[in-house]
J.: 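I'd like to ask some things about the structure below.
Below, all heavy atoms of this structure are taken into account, side chains as well, without hydrogens, waters or symmetry copies.
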Amino acid sequence: MASSPKVVVIVGETASGKSALALEMARKFDGEIICADSRTIYKTMDVGTAKPSKIAQKQIKHHLLDICSPDEKFSVAKFKALALKAIEDISSGNKLAILVGGTGLYVDAVLFDYQFSPAGARKNLQNIRHLKYQELKAYTKGSIPNTLVIGLQLPKDELEQRIINRTRLMFENGLSKEVKRIVDKYGWQSPALNTIGYKEFQNYFAGSKSLDETRELINRNTFLYAKRQRTWFKRNKSIQWLDDPSRAVDLVTTFLNT
RNA sequence: GCAGGGUUAGUGAAGCGGUCAAACACAACAGACUGUAAAUCUGUCGGCUUAUGCCUUCGUAGGUUCGAAUCCUACACCCUGCA
């Protein structure tokens, strides 16, 4: 399959430094970034989702950010289609596509070429394991060709410290105002507000939780989320785990030369 | 000082003579995941070890009972009503 474009994929837990690494790789290898993130797709949700800054976006083109409004429903299938389109666009412009994200399902939808049945065909609300067979087939088949998958892994306590710091920064950068604005405009039932860093404010605004308690809760929920991400990525054996991000340059260099 | 309430596993909190290694929640640990995925769901959670098994736990020390986290006594610490 010489025709399929090369894609560098960067995965890892939240706050592991994926975005920074992606930016660096994009600069070094003339790339553009595709965000595989189920929350940064939403407009106006910037602080709480740790969305790449405007400055970063000016330097390097980021795809699939701000593509829908907080009251809209989004889906993996939509993501897959858009991501494939973006990969095509980027590589036809002779640039390197860099897919970055912590949303394992979104990444895998592209990487393992998920085939979705028609919308609404299946109600799988209880996470019934009836798709196990299909899923296994997909994973043994392996990922799509011409991909390099880099995973960022930090020691647990270091990651927790980074999460704590990041949450504190979010609060300093007006997270509470951002949440308020979105709630006032779209209401708590909006799909986008069922997000760590946002939903925890419900009790704060209702007056039953202090700001400190809210921040603690966000931290704890983020730890839990990171754990789920770890579990998800663990099963993908083709990920090349790095504890030292600087090694990524070599990996990408050899990948591009083969 | 007198009267009353409390002390339970990592935390919070049930239990108030047997079916209690002790509900439940949270955390912790592990896992699942194909159109909500920063979502949703599952398992383990005193120790030994994996057994319809044993051992050690419910502030501390004794006691009553066939049998106590549960009743009694003393002590320690904490909160409250009267001084």
J.: Mind checking who B/rG46 pairs with, Watson-Crick or G-U wobble, both distances under 3.5 Å?
T.: B/rC55
J.: Which nucleotide in the list B/rA38, B/rG31, B/rA28 gets nearest to the side chain of A/Leu224?
T.: B/rA28
J.: Out of B/rA27, B/rA30, B/rG35, which has the shortest distance to the side chain of A/Lys227?
T.: B/rA30
J.: Roughly how many Å is it from CZ in A/Phe112 to C1' in B/rU34, rounded to a whole number?
T.: 12 Å
J.: For the side chain of A/Glu200 and the backbone of A/Gly197, is there at least one donor-acceptor N/O pair under 3.5 Å apart?
T.: yes
J.: Is A/Asp30 paired with A/Lys95 through a side-chain N to carboxylate O contact shorter than 4.0 Å?
T.: yes
J.: Rounded to whole angstrom, note down the C1' distance from B/rA76 over to B/rA32.
T.: 49 Å
J.: Take the protein atom CZ of A/Phe223 and the nucleotide atom P of B/rA38, then report the distance between them rounded to whole Å.
T.: 18 Å
J.: Students often get this wrong, so: under 4.0 angstrom with heavy atoms, is A/Gly197 touching a base, only sugar-phosphate, or nothing?
T.: nothing
J.: CG of A/Asn221 versus C1' of B/rU40: gap in Å, rounded?
T.: 14 Å
J.: Side chain of A/Trp232 only, heavy atoms from C-beta on: which candidate in B/rC33, B/rA38, B/rA28 is closest?
T.: B/rC33
J.: Assign A/Tyr106 to base, sugar-phosphate, or nothing according to its heavy-atom contacts below 4.0 angstrom with the strands shown.
T.: sugar-phosphate
J.: Short question: side chain of A/Asp71, backbone of A/Tyr186 - any donor-acceptor pair under 3.5 Å?
T.: no
J.: Could you tell me how far apart A/Lys73 (NZ) and B/rU40 (P) are, to the nearest whole angstrom?
T.: 14 Å
J.: Looking at the side chain of A/Leu105, which of B/rA28, B/rC33, B/rC26 is the nearest nucleotide?
T.: B/rC33
J.: Can you tell me the Watson-Crick or wobble partner of B/rA74, both distances under 3.5 angstrom?
T.: B/rU60
J.: Remember a base hit wins even if backbone is also touched, and classify A/Asp37 as base, sugar-phosphate or nothing at under 4.0 Å, heavy atoms.
T.: base
J.: Contact class for A/Arg228 vs. all strands (heavy atom < 4.0 Å): base, sugar-phosphate, or nothing?
T.: base
J.: Tell me which nucleotide, if any, is Watson-Crick or G-U wobble paired with B/rA38 when both distances must be under 3.5 Å.
T.: none
J.: How about A/Glu178 and A/Tyr198: does a side-chain donor come under 3.5 Å of a side-chain acceptor?
T.: yes
J.: For the pair made of CD in A/Glu213 and P in B/rU11, what is the distance, rounded to whole Å?
T.: 19 Å
J.: Is there a Watson-Crick or G-U wobble partner for B/rG81 with both distances under 3.5 Å, and which nucleotide is it?
T.: B/rC2
J.: Closer to the 5' end of RNA chain B via nearest nucleotide, is it A/Glu160 or A/Arg166?
T.: A/Glu160
J.: Let's see if you can work this out: which of B/rC33, B/rG35, B/rA27 has an atom nearest to the side-chain heavy atoms of A/Arg220?
T.: B/rA27
J.: Salt bridge or not between A/Asp66 and A/Lys51? Use side-chain N to carboxylate O under 4.0 Å.
T.: yes
J.: Salt bridge between A/Arg215 and A/Asp212, side-chain N to carboxylate O under 4.0 Å?
T.: yes
J.: Does A/Arg39 put a side-chain nitrogen or oxygen below 4.0 Å from OP1 or OP2 of B/rA37?
T.: yes
J.: For A/Lys199, report the nucleic acid contact type (base, sugar-phosphate, nothing); a contact means any heavy atom under 4.0 Å.
T.: sugar-phosphate
J.: Can you tell me the distance, in whole Å, between the OH atom of A/Tyr225 and the P atom of B/rC41?
T.: 17 Å
J.: Indicate, with a heavy-atom threshold strictly under 4.0 Å, whether A/Tyr198 touches base, sugar-phosphate, or nothing.
T.: nothing
J.: Is any side-chain nitrogen or oxygen of A/Lys156 closer than 4.0 Å to OP1 or OP2 of B/rC29?
T.: yes
J.: Looking at every strand, decide which applies to A/Thr103 at a 4.0 Å heavy-atom threshold: base, sugar-phosphate, or nothing.
T.: sugar-phosphate
J.: Does A/Tyr114 place a side-chain N or O at less than 4.0 Å from the phosphate oxygens OP1/OP2 of B/rU34?
T.: no
J.: Quick one: label A/Thr14 by what it contacts on the DNA or RNA (base, sugar-phosphate, nothing), any heavy atom closer than 4.0 Å.
T.: nothing
J.: Whether the A/Arg168 and A/Asn165 side chains hold a donor-acceptor pair (N or O, under 3.5 Å, no angle test) is what I'd like checked.
T.: yes
J.: Counting Watson-Crick and G-U wobble pairs only, both distances under 3.5 Å, name the nucleotide matched with B/rG67, or none.
T.: none
J.: Rounded to the nearest Å, what distance is computed from the CG atom of residue A/Leu111 to the C1' atom of nucleotide B/rU34?
T.: 14 Å
J.: Please tell me which of A/Lys234 and A/Thr49 maps to the more 5' nucleotide of RNA chain B, matching each residue to the nucleotide holding its nearest heavy atom.
T.: A/Lys234
J.: Does the structure show a Watson-Crick or G-U wobble partner for B/rA22, both distances under 3.5 Å? Name it, or say none.
T.: none
J.: Just the rounded figure in Å: distance from C1' of B/rA37 to NZ of A/Lys80.
T.: 17 Å
J.: With the threshold set at 4.0 Å, does a side-chain nitrogen-carboxylate oxygen contact exist between A/Glu24 and A/Lys28?
T.: yes
J.: Using Watson-Crick or G-U wobble geometry with both distances below 3.5 Å, tell me the partner of B/rA27, or none.
T.: none
